[in-house]
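Each remark here refers to the structure printed beneath this line.
Heavy atoms only: backbone and side chains are in, while hydrogens, waters and symmetry mates are out.
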Amino acid sequence: MSDLSILVRRMGLWRKYIFLLLLRSPFDAFRTWLSANLMRSIFRCLEMDHSGALLRLCVVYGLLCAMLFVYNGIIWVEYAAFSAKVEIWLQKKMLDKILSLPIKQIDRRFSGEWITRLNSDIQAAFTMMNGPLNIPHLVVAVINTMLSCLLMLKSSLLFLGITWMFAVPQLVINSKIVLKASPRLKEASQNAMAENTSAIKPLLTDADAILLYDAQALMMTHCAENSRRLMKINMKLHVRRAVSDATMRLFGIGGYLMILFIGYRLIYNGMMAFSDVVYCFQVRGSILAGMSMLITCVNNLKTNSVCIKRINDTFEE
């Protein structure tokens, strides 16, 4: 995050970026509140045989959802314009910086590495700042999870405890398996991609010389080895993310079954109404969605942070 802060401050867009993030962040939290209260109100009307109030409820909550949708659309229009300016700025400044470097300094690295910094790293930085499941959704996930926990706490401390009892192992496993290894593997992947690009380039630019010296087999073998190394590194990243997703599904279903069983006993004993259990299920779903989004965002940020560091290093050369 420190590298991203340096980059955004270098662009002079820090205040506007924070302002847009704050405007976007309440959307999921308000949607959670609307959805949970709507479901509870509907089932309470059915329990008390107040069917006449259902139409009024649907109209009121429908208008609130429409207002929230319009608000979200306006914010995302502004955010899209901001994102386009950021991408153009990064591409232009990075190209100008590379062209301004002395020839000796450029020759110290492979040409493929400069191409990677100008394309892949810029795209990763843009994705980290503005793309899905990165910084914008991280802020949304944190606020939505906090509000959902407060709503669950107000309704049932027991269900909140069960929810976190299954959510904490997800965080621990993800931290141990994915977060620690992601930056290292991403950096290795970027280096392997640069080497692979450098290996492929002679096949396009020096094809005549390769044919003259009958070096096709040697060059193709070299390219295949680099491609295989890149594939193995990327597979390690995908395997770790797959393990994270599998544990998320496993603990999510386990928590659902636990709350379902306990909720049935509470309703049977007259300690809780069915509408309140439905409300807790809605809020629990929001907590898990926020947790899932939070884990995915942190994984992506850890992975893309390597690219941000390389961009800052380029600007500081």
Side-chain angles (χ1 to χ4, degrees), residues 1-24 75-139 182-183 185-205 226-227 230 233-234 237 296-317:
M1 293 298 293
S2 60
D3 291 322
L4 177 64
S5 174
I6 293 172
L7 181 61
V8 176
R9 291 182 186 280
R10 179 176 278 121
M11 289 188 290
L13 300 172
W14 181 254
R15 291 183 179 179
K16 187 172 183 180
Y17 185 54
I18 295 296
F19 180 67
L20 288 173
L21 287 178
L22 292 176
L23 287 178
R24 171 63 181 87
I75 298 304
W76 273 113
V77 167
E78 293 295 324
Y79 204 96
F82 172 80
S83 301
K85 291 179 181 178
V86 168
E87 187 173 18
I88 293 171
W89 189 95
L90 281 174
Q91 287 281 2
K92 184 178 182 300
K93 289 297 182 181
M94 179 65 85
L95 181 59
D96 291 344
K97 180 62 180 181
I98 293 175
L99 293 177
S100 68
L101 294 174
I103 296 297
K104 292 183 178 179
Q105 197 165 350
I106 292 177
D107 289 339
R108 291 175 187 171
R109 295 189 174 93
F110 295 116
S111 58
E113 184 170 348
W114 291 115
I115 295 173
T116 300
R117 293 192 180 203
L118 188 58
N119 294 289
S120 299
D121 288 357
I122 291 292
Q123 187 59 45
F126 174 75
T127 301
M128 184 176 179
M129 289 180 60
N130 306 301
L133 298 177
N134 277 275
I135 292 291
H137 286 92
L138 175 68
V139 177
S182 290
L185 290 174
K186 181 62 177 180
E187 185 173 9
S189 176
Q190 291 294 97
N191 293 333
M193 185 181 296
E195 293 175 6
N196 194 36
T197 304
S198 300
I200 293 174
K201 183 182 176 182
L203 294 175
L204 303 176
T205 59
N226 282 297
S227 298
L230 176 61
I233 294 172
N234 288 335
L237 270 172
T296 305
C297 290
V298 172
N299 288 340
N300 291 337
L301 292 177
K302 282 283 187 178
T303 302
N304 292 328
S305 62
V306 176
C307 301
I308 298 287
K309 185 177 184 303
R310 286 157 60 97
I311 292 173
N312 286 328
D313 291 342
T314 303
F315 280 128
E316 291 170 1
E317 287 188 2

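Annotation: side chain of Met94 is in contact with side chain of Ile311 (closest heavy-atom distance under 4.5 Å).
Note that CD1 of Ile75 and CZ of Phe19 are 7.5 Å apart. Values are rounded to the nearest 0.5 Å. To the nearest 0.5 angstrom, Glu78 atom CD is 7.0 Å from Lys16 atom NZ. Within the model, atoms CG of Leu90 and CG of Leu95 stand 12.5 Å from one another, a figure rounded to the nearest 0.5 Å.
Judged as a side chain to side chain donor-acceptor pair (under 3.5 Å), and not counting sequence neighbours, the contacts of Trp76 are Asn72.
Across Val86, Ile135, Leu22, a single residue satisfies side-chain contact (heavy atoms from CB on, under 4.5 Å) together with Tyr17, and that is Ile135.
The environment of NZ in Lys97 is crowded: more than 12 heavy-atom neighbours from other residues, nucleotides or ligands sit within 6.0 Å.
The minimum heavy-atom distance between Asn134 and Met128, with the atom names listed, is CB-O, 3.3 Å. Heavy-atom minimum distance, Leu138 versus Cys297: N-SG, 3.5 Å.
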